[in-house]
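Shown next, in structure tokens, is the structure this report addresses.
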Amino acid sequence: MTQSEAVFEIMQTILYGVRNLDCPDSIKRYGACPDTRFSQMPAYNDLGFTDEQLNGLVDYVYSLAGENHDAEAVENVSGLLEICAECHREDGMGYKPFGGPDLTDDIWLFGNSREQVLDVIANGRTESCPAWSATLDAATIKALAVTIYNRSMGY
Ligand code: HEC
């Protein structure tokens, strides 16, 4: 991806938000506002996973991130891992089209304690980021996108 493409990707997120539902029903597509980013981390508690399975999945996530983990617990949930691969890829590095983040890096969106990782897997994540297209002008949105890009590159 070129620098300009990356900046445009970030602009789309700022302009249209993430999981933004705050628009008239008449313009919604598939239940969400047009052009919003959409992704979902499912709530595996609601999907009937046992506490033991949920805890084993925490060890799986730690194994991907190179943290201390219980290898036997990971082995016990090996039959479930293809579910996670759908959005996080088999190697855990994240599948962008489905919005699944990289689980192998040391970035923890919601914290890295056992309780926090367990909470994400058990209860899912579907928070939203609002759309700024009606609030900020084009120059401000572009400047924000460039600033975010530069920061992500460590400039
Ligand atoms: C349908 C797609 C999807 C599936 C399937 C899925 N995830 Fe996720 N996962 C996501 C998305 C999207 C996020 C980011 C949520 C956000 O940013 O609000 C996420 C976030 C996470 C996080 C938080 C990462 C961090 O940096 O803190 C963990 C841990 C995680 N998923 C583990 C799993 C595990 C384990 C499985 C399999 C049981 C799984 N996910 C299955 C989409 C998915």
Side-chain angles (χ1 to χ4, degrees), residues 1-49 53-58 60-67 77 80-155:
M1 195 187 291
T2 65
Q3 267 187 335
S4 317
E5 282 165 350
V7 168
F8 275 105
E9 289 284 324
I10 299 169
M11 281 174 66
Q12 175 168 351
T13 308
I14 302 173
L15 280 165
Y16 304 110
V18 182
R19 304 178 197 115
N20 178 31
L21 307 179
D22 188 18
C23 61
D25 283 347
S26 57
I27 64 165
K28 280 186 183 155
R29 286 192 220 134
Y30 307 108
C33 302
D35 298 318
T36 192
R37 303 275 186 207
F38 213 90
S39 62
Q40 190 178 19
M41 169 61 199
Y44 288 102
N45 205 9
D46 300 346
L47 294 170
F49 283 37
Q53 288 173 322
L54 293 169
N55 271 294
L57 289 166
V58 175
Y60 162 63
V61 171
Y62 280 163
S63 74
L64 289 173
E67 307 266 342
V77 293
L80 300 172
L81 304 184
E82 67 185 59
I83 299 175
C84 317
E86 196 186 319
C87 299
H88 294 284
R89 274 186 19 184
E90 226 145 87
D91 59 8
M93 294 187 63
Y95 185 56
K96 273 234 175 107
F98 287 175
D102 188 342
L103 300 177
T104 67
D105 59 18
D106 58 0
I107 299 170
W108 297 91
L109 299 169
F110 309 102
N112 68 349
S113 71
R114 275 203 86 86
E115 293 73 37
Q116 287 164 323
V117 177
L118 183 70
D119 184 55
V120 174
I121 300 170
N123 301 315
R125 284 294 179 276
T126 51
E127 292 90 349
S128 60
C129 175
W132 294 98
S133 52
T135 321
L136 302 176
D137 61 51
T140 307
I141 287 181
K142 181 116 194 215
L144 279 170
V146 170
T147 305
I148 292 167
Y149 175 78
N150 284 344
R151 281 199 175 190
S152 77
M153 302 304 284
Y155 299 152

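Positions are given from 1 along the sequence. The structure displayed is predicted, hence computed values, not measured ones. Keep in mind that the numbers below use all heavy atoms, side chains included, and drop hydrogens, waters and symmetry copies.
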Ignoring hydrogens and geometry, is there a side-chain-to-backbone donor-acceptor pair from [X] to [Y] under 3.5 Å?
| X | Y | answer |
| --- | --- | --- |
| Thr104 | Leu64 | no |
| Tyr149 | Ser4 | no |
| Ser128 | Asn20 | no |
| Lys142 | Met11 | no |
| Gln12 | Asp35 | yes |

If you define the side chain from C-beta out and look only at heavy atoms, does anything of [X] sit under 4.5 Å from [Y]?
| X | Y | answer |
| --- | --- | --- |
| Val7 | Ile148 | no |
| Arg114 | Asn55 | yes |
| Ile27 | Pro34 | yes |
| Gln116 | Trp108 | no |
| Phe38 | Leu21 | yes |
| Met41 | Glu127 | no |
| Asn45 | Leu54 | yes |
| His88 | Pro101 | yes |

Is the [atom1] atom of [X] crowded by more than 12 outside heavy atoms at less than 6.0 Å?
| X | atom1 | answer |
| --- | --- | --- |
| Asp22 | CG | no |
| Glu67 | CD | yes |
| Glu5 | CD | yes |

_side chain to side chain contact (heavy atoms under 4.5 Å, CB included) between Leu136 and Leu15, worked out_ = CA-CA 9 Å; Leu136 302 176; Leu15 280 165; over 6 Å; no
*Pick out which of Thr36, Ile14, Val18 makes a side-chain contact (heavy atoms from CB on, under 4.5 Å) with Cys129.*
Val18
*Are any of the side-chain nitrogens in Asp102 or Lys96 under 4.0 Å away from the carboxylate oxygens of its partner?*
no
Where is the tightest heavy-atom contact between [X] and [Y], given as atom of each residue plus distance?
| X | Y | value |
| --- | --- | --- |
| Tyr62 | Ser113 | OH-C, 3.2 Å |
| Leu103 | Ala65 | O-CB, 3.6 Å |
| Glu86 | Phe98 | O-CD1, 3.3 Å |

*Would you kindly say whether Asp137 and Thr140 are connected by a side-chain donor-acceptor distance under 3.5 Å?*
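Distance-only check passes for Asp137 and Thr140.
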What's the spacing between [X] [atom1] and [Y] [atom2] if we round to 0.5 Å?
| X | Y | atom1 | atom2 | result |
| --- | --- | --- | --- | --- |
| Tyr44 | Cys84 | OH | SG | 6.0 Å |
| Ser133 | Tyr16 | OG | OH | 6.0 Å |
| Ile83 | Phe49 | CD1 | CZ | 4.0 Å |

*asked:* With side chain to side chain contact (heavy atoms under 4.5 Å, CB included) as the criterion, how do Asp119 and Phe110 come out once you've worked through the C-alpha distance, each side chain's angles and the decisive distance to 0.1 Å?
replied: CA-CA 9 Å; Asp119 184 55; Phe110 309 102; over 6 Å; no
